[in-house]
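Everything below concerns the one structure shown next.
To find a chain, count down the sequence lines: A is the first, B the second, and so on, and within it residues start at 1.
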2 protein chains.
Amino acid sequence: MTQEAVSRDTSRGVSDAERVTSRLRQAIVAGEFAPRQRLVETDLIEMFDASRGAVRAALAALTVEGLVEKVRNRGARVRAVDLDEALEIVEVRAALESLCAARAAERIDEGGVARLRAIGEVMREAVNAGDGEAYAQANRDLHQEVMDISGAKVAPDVVKRLRAQNVRYRIRLAMQPNRPTTSLPEHLEIVEAVCAKDPERASEAMRAHLNSVYEATRDYFAQRG
Amino acid sequence: MTQEAVSRDTSRGVSDAERVTSRLRQAIVAGEFAPRQRLVETDLIEMFDASRGAVRAALAALTVEGLVEKVRNRGARVRAVDLDEALEIVEVRAALESLCAARAAERIDEGGVARLRAIGEVMREAVNAGDGEAYAQANRDLHQEVMDISGAKVAPDVVKRLRAQNVRYRIRLAMQPNRPTTSLPEHLEIVEAVCAKDPERASEAMRAHLNSVYEATRDYFAQRG
DNA sequence: GTATGCATTATTGTAAACAATGTTGTTCAC
DNA sequence: GTGAACAACATTGTTTACAATAATGCATAC
């Protein structure tokens, strides 16, 4: 095991537990495990070639993060987020990301302006080309870049954790063919407002965008679940 | 161990790991462990009469919660929150609790009005009697009750975790002798705004109160650390 | 007197065995 | 044929022992 470990990706200075936590988190967020799917320790041991201790530590960590739920003596499973909670998450994101957008508008420098405008350009092109995957990636980049520029730590951390929790709703929403018709102008307004160094406008643009996400999520999933 | 466990407080249906997590969290928040104090597993095993596995699970959970930090092969210690982060936490609380206050104003019923007004009364009396401890408790009760009435889950969870992280700043701030002169009217306005079922006013009252907490925290700790 | 290398110790990381619990399937009585 | 008791199995919870790592103190060379 020790020799084998040396040959593994990130075994340098990273414990097995952290490695398993990271990979399991990624697998859940990527949708490789369905909601409510059981996470049997033995299976995970084989899957990640790790010890039981590492697997248990990972499950404990992801339970605190809200990605996994455990029932005593019955094991762990992928936590299913229902529509009500998904909508609450969007509300919280609206409150926190609008705050970060305002801070970003106050602090942005030339490099930040260039990066944001570049993301905006990628979005335009992705929509023109009908490339949903590229648009989704640029969407992630935009939200992340705004939070990076804000210089904050606490709010982005919270947002990151919450985004992981309802990744499923976001993905399925983003797959809607004409969703960009609504969201592209909102995204571009966020870019312009932050680059204009107008905190009030930036905050409002971000809030408006996430309100739109809220409504689209609610309307789309109301029946279908 | 098994026989002994039966005689323990909450051993019914609660794993050792959960018990240790809960008690260690409480001890840290209560200030029984100083910031940056080392948390040696052996010591915690004796202190809580638990297995090493339980102690390790507890440390892992509290690390994710942000109360503990771990360094590989060097152990765990109580995480120290610096002033910048404490102020960020107050900002995030302002964003989330004002949201909850608005929701509470929309949803409150007669029972909620009675409970909020009762807390307001306790606050008035505590200030009159100069009872700082009673006032601090009522403060906690008020913020909690507003979040309970809001019916939300996500935002209150986040706030709870963040409040635990900078308990030290809150406590020392609350000990300021004439702090209630500023905060009591703010608290009473929150009560009245929520009871008046005015979401906009409630949101603004909560935001104003936490802005005041922000400024008081910044000014008081700016030099002293 | 200081610095460097080595041995010792303290502490955490990992693995494996054991115990307790819940689940499932089967048998037997009615 | 149905329901209850029971037994076999699967899975997690707990404990113990062992390995790896970093900190500490000491001896020795310069």
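A salt bridge links A/R115 with A/E145: the distance from a Lys NZ or Arg NE/NH1/NH2 to an Asp or Glu carboxylate oxygen falls below 4.0 Å. Look at A/E69 and A/R36 and you find a salt bridge, because one of the NZ, NE, NH1 or NH2 atoms lies within 4.0 Å of a carboxylate O, short of that distance.
Distance from the side chain of B/S51 is smallest to D/dT14 among C/dT14, D/dG13, D/dT14. Comparing C/dA15, C/dG22, D/dA22 against the side chain of A/D16 picks out C/dA15 as the nearest. Here the side chain of A/R52 is nearest to one of C/dT12, D/dT12, D/dT15, namely D/dT12. Checking D/dA22, D/dT14, C/dT12 against the side-chain heavy atoms of B/R56 singles out C/dT12 as nearest.
Evaluation of the ring pair (Phe, Tyr, Trp, His ring centres under 6.0 Å) test over residues 55-78 of chain B, restricted to residues two or more places apart or in two chains, returns none.
No side-chain donor from either of A/R103 and A/S203 sits under 3.5 Å from a side-chain acceptor of the other. Checked by atom type, the side-chain pair A/D148/A/Q144 shows a donor-acceptor distance below 3.5 Å.
To the nearest angstrom, P of D/dA20 lies 12 Å from CZ of B/R72. Across the protein-nucleic acid pair, A/N73 atom CG and C/dT21 atom C1' stand 5 Å apart, rounded to whole Å.
Residue order along DNA chain C, read from the 5' end via each residue's closest nucleotide, puts B/R74 first among B/R74 and A/R74.
The distance from the OH atom of B/Y214 to the CD atom of B/E88 is 8.5 Å, given to the nearest 0.5 Å.
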Identify each atom pair where a protein N or O and an N or O of nucleotides 6-10 of chain C are less than 3.5 Å apart, giving names and distance.
none

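In this structure, B/D82 contributes its side chain and B/E85 its backbone to a donor-acceptor pair below 3.5 Å. The backbone N or O of A/P156 lies less than 3.5 Å from no partner atom in the side chain of A/E97, so there is not a single donor-acceptor pair.
A/G53 comes within contact range of no nucleotide atom at all, as no heavy-atom separation falls under 4.0 Å.
Sorted by residue number, the list of members of residues 39-47 of chain B with any non-hydrogen atom under 4.0 Å from DNA chain D is empty.
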